[in-house]
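Within every chain, numbering begins at 1; the chains are lettered A, B, ... in the order of the sequence lines, protein sequences first and strands thereafter. Hydrogens, waters and symmetry mates play no part in the numbers below; they use all other heavy atoms, side chains included.
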Amino acid sequence: MAMSESTVDVLPELKQIVGALLFAAKEPLTVKRIRKAMIETGNGFGGPYEQYAKATDVQIEGAIEELMADLDRSKLGLGVALVAGAYRLQNDAACGPFVRALLEKNQTMRLSKPALETLAIVAYRQPCLRSEIEEVRGVSVDAVLRKLIDMQLVRVVRRSELPGRPWLFGTTQKFLEHFGINQIEDLPGSQELRRAMPVDEKKKDTTETFPDIEKELKVDKSSDEEEDDNSMAALDEEIQKEET
Amino acid sequence: MDLIKDDYKVSLEVFEGPLDLLLYLIKRDEVDIYDIPIGRITDQYMEYLQLMKVLDLNIAGDFIVMSATLMLIKSRMLLPVEEQKAQEDEEEEDPRWDLVRQLVEYKKFKDAADHLEDLEVHMENVFARESEHVELGVAPDIDMRDASIFDLIASLNEALGRVQEEDLQEIFAEEYTVGQKVTYIVENLKIAKRITITDLFGGMTSRQEIVCTFLAVLELIKLNRIAAVQDDHFASIVVEPRDPEEHVGGGIEDLEESDEIEGELI
């Protein structure tokens, strides 16, 4: 790593900086926000610090991975996790009971089976209709769905183009955080469950709308992951986009 | 007898729906899901429904629908193969196929739900910095930007509370109309851009004037001319124009006329 080969001894290496930022941050950090701090510091201090401004997303991600491995190896009780697209410092799950005792969080609410089933269907099939969920579960899901929306685990994505313009549901950022998932695609068997045949067959007359929606979603995603742009304004814009 | 009843009750409540019950029956008898002995399973399913009735459990309509489906499949299976073909499309498969497909799919999502449950239990032990454990329930970070109708009504009440008791003996002529107030709000928003509800009602002393103003706010929100927003929990509600260049100002005249009637009703 170029950073660690700096001529001045006191200059921290990228891995250290990333660790310090994750420690200090009150919320999960995206790579872009880390890079913004690097650029600001680099430009502000100048001199040997200028090299930090040049750190790329890939370098930062590499540093985080290094940090992850180091923490894991040295059994510090801490780790870095990638949840909902952002990195955060968290305790090792094995130490959870102690942390819970310390924080007096022994009463945690768990979701019921019907809620979990409904949530699983929404997660894999999103954006999906209430009728699709009911088809899979074989029962009415009205009340469960409403509760999940109240809990902010499920949200209304938009109205579909089907007759009566029923709502389409999807999962929220909080869903990812609650289950510690980075993205929906990380759920096991997501390809298979997403493309299960009955829905495809039955939705024959509406096939035009669904690929469109998926295309739209893909466009959204790819625009978020644009190549490194070093201008601060662009970075700010991206960070803002991520946060909204 | 009571004991047995309770036992049944406990095991029955586990089923989330007819599919869940069917899966349970299939698993219990270790039958091949792709080759369900429909007669036996139907009988067992009906037995359970019967039990639920005896136990006074509310049987959801979904359970009844499934029993009808099972009966239909059973009756089709009884038909000789040739007659089946004659009755149905050439391509028609095993009458159980639809149900099997549904069951298999349900099973997959049930497994997926189990996985989510494991993750949830795991995450119970994980705390991020700031001990920000993600809590379920209506969270404070909810977007408060859009004020609800109840917030608006609360402000109306507040404004009405400030008004002195009117002299009820006299009958006043209708001084204010909703349309008038619409114009008033629109004109003011052209200058101020943002007005708090409190300021809007400020200085108004008549009940009727306040009500008209309130209705004007609702009307303008309905027409998407203005938005009522709240920057924070319990913060004062602010009205601001929506898309100021395009909308505000246009078509206000007709509104003034049509709403006159409404205003007078109050």
Side-chain angles (χ1 to χ4, degrees), chain A residues 22-28 79 81 83 88-97 99-100 102-103 105 108-121 123-125 133-140 150-153 174 177-181 187-190 192-193 196-199, chain B residues 13-23 59-67 69-70 97-143 145:
Chain A
L22 287 171
F23 171 76
K26 287 184 179 133
E27 51 201 11
V83 173
R88 64 185 203 186
L89 215 50
Q90 62 185 36
N91 67 287
D92 289 343
C95 307
V99 181
R100 279 217 309 273
L102 176 78
L103 300 175
K105 294 226 173 172
T108 35
M109 198 181 125
R110 283 190 194 164
L111 293 164
S112 67
K113 284 271 183 197
L116 285 166
E117 279 179 18
T118 307
L119 206 47
I121 299 165
Y124 284 101
R125 285 281 161 82
I133 307 169
E134 290 179 341
E135 214 170 291
V136 176
R137 287 201 56 218
V139 288
S140 151
D150 275 351
M151 288 173 167
Q152 298 180 40
L153 292 170
K174 194 159 179 179
E177 286 170 12
H178 184 69
F179 294 100
I181 306 164
L187 286 170
S190 68
E192 190 200 4
L193 287 180
M197 49 191 170
V199 172
Chain B
E13 274 169 6
V14 177
F15 301 115
E16 317 298 355
L19 290 173
D20 206 19
L21 173 54
L22 274 181
L23 270 186
I59 303 175
D62 309 305
F63 279 96
I64 314 263
V65 171
M66 179 56 77
S67 64
T69 309
L70 286 172
W97 182 228
D98 262 343
L99 180 66
V100 169
R101 206 152 50 178
Q102 213 183 349
L103 278 170
V104 168
E105 199 184 22
Y106 176 68
K107 178 76 171 64
K108 281 182 192 160
F109 279 106
K110 217 172 138 60
D111 293 344
D114 286 344
H115 176 70
L116 283 183
E117 193 175 20
D118 291 345
L119 285 179
E120 187 179 42
V121 171
H122 174 81
M123 288 310 283
E124 261 174 28
N125 282 322
V126 174
F127 293 81
R129 281 276 298 140
E130 285 283 298
S131 60
E132 259 177 346
H133 203 47
V134 184
E135 296 290 1
L136 292 180
V138 183
D141 60 40
I142 188 167
D143 185 14
R145 285 283 296 169

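Taking all atoms of both residues into account, the shortest heavy-atom contact from A:R110 to B:V121 is CZ-CG2, 3.8 Å. Of all non-hydrogen atoms in B:A112 and A:A120, the two that sit nearest each other are CB-CB, 4.0 Å. Counting all heavy atoms, side chain and backbone alike, A:V99 lies closest to B:F127 at CG1-CD1, 3.4 Å. Taking every heavy atom of both residues into account, B:A128 and A:Q90 meet most closely at CA-CB, 4.0 Å.
Atom NE2 of A:H178 is separated from atom CD of B:E124 by 7.5 Å, given to the nearest 0.5 angstrom. Rounded to the nearest 0.5 angstrom, B:K110 NZ and A:L116 CG are separated by 10.5 Å.
A salt bridge links A:K113 with B:E117: the distance from a Lys NZ or Arg NE/NH1/NH2 to an Asp or Glu carboxylate oxygen falls below 4.0 Å.
Among A:L187, A:V83, A:I121, A:L119, the residue making the largest number of heavy-atom pairs under 4.5 Å with chain B is A:I121. For chain A, the option among B:L19, B:L119, B:L116, B:V104 with the highest count of heavy-atom pairs below 4.5 Å is B:L116.
Counting heavy atoms from C-beta on, the side chains of B:F109 and A:R125 come closer than 4.5 Å.
Contact annotation for A:L22: only backbone heavy atoms (N, CA, C, O) come within less than 4.5 Å of a heavy atom of chain B. Only the side chain of B:D114 comes within less than 4.5 Å of a heavy atom in chain A; its backbone stays farther off.
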Residues B:N125, A:R100; criterion side chain to side chain contact (heavy atoms under 4.5 Å, CB included); working and verdict
CA-CA 7 Å; B:N125 282 322; A:R100 279 217 309 273; 2.5 Å; yes
